[in-house]
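Below is one structure, written out as structure tokens; comments come after it.
Residue numbering restarts at 1 for every chain, and letters A, B, ... go by the order of the sequence lines.
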There are 2 protein chains.
Amino acid sequence: MQYKDFIDLDYVPKKDDVICDFFIEPKGISVREAAGGVAAESSIGTWTELKTEKSYVKKLQARVFKIEGNNVKIAYPIELFEFYNMPNIMSSIAGNIFGLKALKNLRLNDVIFPSKILKSFKGPKYGISGIRRIMKVYDRPLVGTIIKPKLGLRVEDHARVAYEAWVGGCDIVKDDENLSSQGFNPFKERVIKTLQKRDKAEKETGEKKVYMVNITAETKEMLKRAEYVLENGGEYIMIDIIMCGLSALQTVREQDFNLVIHGHRAGHATFTKNPKHGISMKVISKVARIIGVDQLHVGTVIGKMFETKKEVEENCLVLKMEMNGLNQVLPVASGGLHPGLVPALIEFFGKDFVIQAGGGIHGHRDGTSAGARAMRQAVDATLQGIALSEYAKKHKELETALKIWR
Amino acid sequence: MQYKDFIDLDYVPKKDDVICDFFIEPKGISVREAAGGVAAESSIGTWTELKTEKSYVKKLQARVFKIEGNNVKIAYPIELFEFYNMPNIMSSIAGNIFGLKALKNLRLNDVIFPSKILKSFKGPKYGISGIRRIMKVYDRPLVGTIIKPKLGLRVEDHARVAYEAWVGGCDIVKDDENLSSQGFNPFKERVIKTLQKRDKAEKETGEKKVYMVNITAETKEMLKRAEYVLENGGEYIMIDIIMCGLSALQTVREQDFNLVIHGHRAGHATFTKNPKHGISMKVISKVARIIGVDQLHVGTVIGKMFETKKEVEENCLVLKMEMNGLNQVLPVASGGLHPGLVPALIEFFGKDFVIQAGGGIHGHRDGTSAGARAMRQAVDATLQGIALSEYAKKHKELETALKIWR
């Protein structure tokens with residue numbers, strides 16, 4: 001078969017097909033030819049005709065069924081993929097094709113997975129509704145913080161900062177993405193001492209408080225760490241899903257721990273940032289939901305991260321849309337956030353999301369507790385429809401926050 | 001601390017520092033400021049000043065110690081990282097920083113790991129010398145093929161094509177990167193039948209033959225598959241290292257199986273292709289060696305893949321250079337290769353590499369065995385210093401191959 005044999009613009013995708021949406025920018029060949037090449041190399045073809053082809057193989061070919069400018073849709077027969085093996089699925093649709101010399105740029109913008117593949121995965125164990133039940137918070141966004149400085153705090157100070165955040169009003173405290181088990185802050189000691197402070201904060205505030213512990217490591221070590229969190233009364237683990245990889249994420253989810261999985265996406269921008277090349281965060285969001293994270297970072301719209309409003313919208317959409325009955329994933333906005341941004345965040349995200357702020361809480365002039373209070377005040381004001389500047393007149397932590405970050 | 005506090009051009013890196021080489025293209029700020037931002041966000045800083053800083057944390061700061069145009073070198077104190085936890089290490093130096101809005105492009109071009117970190121990993125169990133001992137081939141490149149069509153062949157046909165490749169002269173037969181355990185070709189049956197054919201081919205040729213079985217899956221399933229290969233007399237496993245991820249790769253290596261690990265890199269080009277953004281393949285090659293793959297795809301210089309000569313040179317260099325005594329990794333050239341390219345490949349790679357050809361063997365007009373013979377003839381001719389066109393006069397398979405692929 002030749003590349004052109006992989007183009008069939010009259011083809012109507014079957015309900016079991018995997019559908020991929022690519023942006024293709026060819027080098028020295030037509031979009032049509034490039035599209036055929038992508039379909040071939042990601043299914044049963046290669047750059048030259050083979051003597052080992054069998055007639056029964058042909059029915060497994062991918063088909064380019066739509067070409068609009070540089071946007072191309074390809075349908076893959078479901079038989080090409082191993083179910084419940086996300087690394088395998090991605091190795092076809094997001095693998096070698098990106099390295100082809102004949103393509104200047106290639107971007108996988110979306111994937112539609114058929115129900116049979118979706119059903120083979122577990123999806124989120126808790127999702128939005130499960131998390132709301134654990135937190136006993138139903139009517140507002142959750143407020144979280146990342147312990148800052150992101151690395152370097154010793155266990156005692158880490159636990160103390162966590163405590164201050166909780167009593168100030170944070171629901172969630174999380175480790176930063178690159179804190180795992182360094183000498184200055186070893187994993188086990190951190191879990192014990194931070195969860196002790198959680199208990200204290202819960203008692204004092206009467207609110208449910210959670211600690212998201214970063215278990216990112218080699219797979220078996222990661223499982224041990226998850227068990228350690230569980231044994232010591234934690235409800236949440238956090239995983240750097242890009243850095244760990246798809247196999248390990250599947251493995252952690254497969255254990256079916258009674259632990260909410262928070263997915264951090266450190267490293268995603270190495271391949272999501274260029275709108276013409278790589279893989280969209282939308283695809284990663286879908287994949288993470290299918291495997292089964294309960295929460296996921298999706299960008300902020302405002303703040304220090306690069307993503308456009310449209311991108312963040314799409315990321316949220318795929319976490320929440322109907323997808324074969326899979327639980328909905330709670331979006332997490334994180335990166336450069338502070339109380340002054342809360343009205344815009346709530347306008348964009350609604351109530352079902354986590355406002356995750358590090359510097360925007362620990363950078364408050366009066367310290368972490370004041371920062372957390374300011375954040376909760378900003379949420380309260382916004383949900384009551386009161387302008388922050390107005391609410392700040394009677395809430396001094398918010399007033400101060402609005403002065404620090406304009 | 002502010003971003004500027006992370007710049008120290010007088011700093012002389014310590015022998016235990018992790019050194020990163022970044023290309024930085026800022027948006028709306030100076031390279032200097034952007035470099036400070038990268039150092040801050042990947043160590044102990046953030047976008048705003050913190051009230052939770054401790055004086056003892058400051059000694060963990062990363063330092064920008066060199067700025068030349070857009071190229072920036074940053075030194076990280078070793079204490080920032082968890083040893084033997086590659087996902088953790090990468091989450092700092094190749095994580096959130098790529099998503100910063102203030103950077104148009106950011107590329108991690110190189111990392112120098114200090115001996116203490118290198119020592120914490122296992123590195124390749126076999127490497128070049130171990131593979132040569134297994135193969136009993138010391139004086140020429142190894143010749144390998146990928147079964148083609150890449151997906152779709154049933155087990156019997158898969159095994160037969162493998163057999164034909166081996167008896168024609170291939171040392172190695174490998175699965176393609178997206179063949180794992182699909183319905184048309186289930187894993188266990190494939191392993192059994194293909195290894196039977198390997199035994200037959202070994203007996204008939206008197207040469208050592210190996211089958212590289214793709215075990216890519218969820219981590220625990222991957223370990224089971226590796227054990228299955230071992231129990232059934234296989235010597236090689238293959239892993240899609242990007243798609244599986246770093247945690248799973250560490251896990252497989254940690255088992256210390258008596259199995260050579262072949263690393264496939266499907267998907268790398270999502271973040272290695274743009275020379276201004278992402279992570280270089282050189283870094284991935286180093287990381288793969290440190291964790292412990294024995295063979296790795298590195299590009300072809302010629303053929304269908306995009307990489308420049310310089311890039312492939314660098315990939316090979318880091319697989320072979322002295323690195324705290326770690327075994328050398330055997331580079332694999334793969335992607336659009338055929339016999340006519342062998343002289344250029346050997347000129348570039350020398351003898352210590354694998355010439356891996358799929359279509360360039362199975363596309364031979366007289367079939368797979370003839371294709372494999374043509375490839376070995378091309379290797380023989382080149383090592384004897386004879387022009388292929390000359391050698392082809394007395395070697396008909398090569399003669400035919402040179403006519404098919406010009």
Side-chain angles (χ1 to χ4, degrees), chain A residues 44 46-54 57 60 79-80 82 85 87-88 90-92 94-96 98-99 101 148-149 151-152 157 161 177-178 180-182 216-220 240 243-248 250-251 266-267 269-271 274 277-279 304-306 336 358-359 362-363 367, chain B residues 44 46-54 57 60 80 82 85 87-88 90-92 94-96 98-99 101 148-149 151-152 157 161 177-178 180-183 216-220 240 243-248 250-251 266-267 269-271 274 277-279 304-306 336 358-359 362-363 367:
Chain A
I44 60 167
T46 190
W47 57 280
T48 186
E49 286 195 72
L50 300 168
K51 293 295 158 189
T52 50
E53 271 172 23
K54 292 276 163 192
V57 172
L60 295 183
E79 293 81 5
L80 288 171
E82 182 182 356
N85 186 341
N88 167 262
M90 295 301 279
S91 72
S92 278
N96 272 356
F98 287 87
K101 198 161 59 180
K148 300 277 178 183
L151 291 178
D157 287 321
V161 173
E177 76 285 350
N178 48 4
S180 53
S181 190
Q182 285 91 328
T216 300
E218 174 276 321
T219 323
K220 289 189 170 182
D240 291 339
M243 290 306 165
C244 282
L246 298 171
S247 295
Q250 266 194 243
T251 308
T270 60
F271 56 80
N274 177 347
H277 188 75
I279 306 173
K304 70 181 174 183
M305 296 305 179
F306 72 98
H362 310 296
Chain B
I44 60 167
T46 190
W47 58 279
T48 187
E49 286 195 75
L50 300 168
K51 293 294 157 191
T52 50
E53 270 172 26
K54 292 276 162 190
V57 172
L60 295 183
L80 289 172
E82 183 182 355
N85 186 341
N88 167 262
M90 296 300 280
S91 73
S92 278
N96 273 357
F98 287 88
K101 199 160 60 179
K148 300 277 178 183
L151 290 178
D157 287 321
V161 172
E177 76 284 350
N178 48 3
S180 53
S181 190
Q182 285 92 330
T216 300
E218 174 275 320
T219 323
K220 289 190 169 182
D240 291 339
M243 290 306 165
C244 281
L246 297 171
S247 294
Q250 266 195 243
T251 307
T270 59
F271 56 80
N274 177 347
H277 188 75
I279 306 173
K304 70 181 174 183
M305 296 305 179
F306 72 98
H362 310 295

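Among the candidates A:Ala266, A:Ser92, A:Gly359, A:Gly99, the residue making the largest number of heavy-atom pairs closer than 4.5 Å to chain B is A:Gly99. Highest contact tally toward chain B, considering only A:Gly245, A:Gly358, A:Ala217, is held by A:Ala217 [criterion: heavy-atom pairs under 4.5 Å]. With chain A as the partner, the residue from B:Gly367, B:Ala269, B:Gly278 showing the most heavy-atom pairs under 4.5 Å is B:Ala269. Counting heavy-atom pairs under 4.5 Å between each of B:Glu49, B:Lys148, B:Gln250 and chain A puts B:Lys148 at the top. Of the listed residues (A:Gly267, A:Ser181, A:Ala94), the greatest number of heavy-atom pairs within a distance under 4.5 Å of chain B belongs to A:Ser181. Counting heavy-atom pairs closer than 4.5 Å to chain B, the top residue among A:Val57, A:Thr52, A:Leu80, A:Ile44 is A:Thr52. For the set B:Leu246, B:Asp157, B:Thr46, the count of heavy-atom pairs under 4.5 angstrom toward chain A peaks at B:Asp157.
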Item to complete: Quick one: do B:Asn96 and A:Met305 satisfy side chain to side chain contact (heavy atoms under 4.5 Å, CB included)? Show the steps, please.
Response: CA-CA 9 Å; B:Asn96 273 357; A:Met305 296 305 179; 4.3 Å; yes
Worksheet item: Can you list the steps and then say if A:Met90 with B:Asp240 is a side chain to side chain contact (heavy atoms under 4.5 Å, CB included)?
Response: CA-CA 10 Å; A:Met90 295 301 279; B:Asp240 291 339; over 6 Å; no
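Atom CD of B:Gln182 is separated from atom CD of A:Glu82 by 6.0 Å, given to the nearest 0.5 angstrom. One finds the CD atom of A:Glu218 at 8.5 Å from the OG1 atom of B:Thr219 (value rounded to the nearest 0.5 Å).
Closest heavy-atom contact between B:Thr216 and A:Pro87: CG2-CB, 3.6 Å. For the residue pair A:Ser91 and B:Glu177, the shortest heavy atom distance occurs at OG-O, 3.4 Å. Of all non-hydrogen atoms in B:Ser247 and A:Ala248, the two that sit nearest each other are CB-CB, 3.5 Å. The heavy-atom pair separating B:Ser180 from A:Asn88 by the smallest distance is OG-ND2, 2.9 Å. Annotation for A:Phe271 and B:Thr270: closest pair CB-O, 3.5 Å, computed over non-hydrogen atoms. Taking each heavy atom of A:Gly336 and B:Trp47 in turn, the nearest pair found is CA-NE1, 3.3 Å.
The contact between A:Asn178 and chain B is made by backbone and side chain atoms together, counting heavy-atom distances below 4.5 Å. Of the atoms belonging to B:Leu60, it is side-chain heavy atoms, and not backbone ones, that fall under 4.5 Å from chain A. Within the 4.5 angstrom heavy-atom criterion, atoms from both the backbone and the side chain of B:Thr251 approach chain A.
Heavy atoms from other residues, nucleotides or ligands lying under 6.0 Å from NZ of B:Lys220 number 12 at most.
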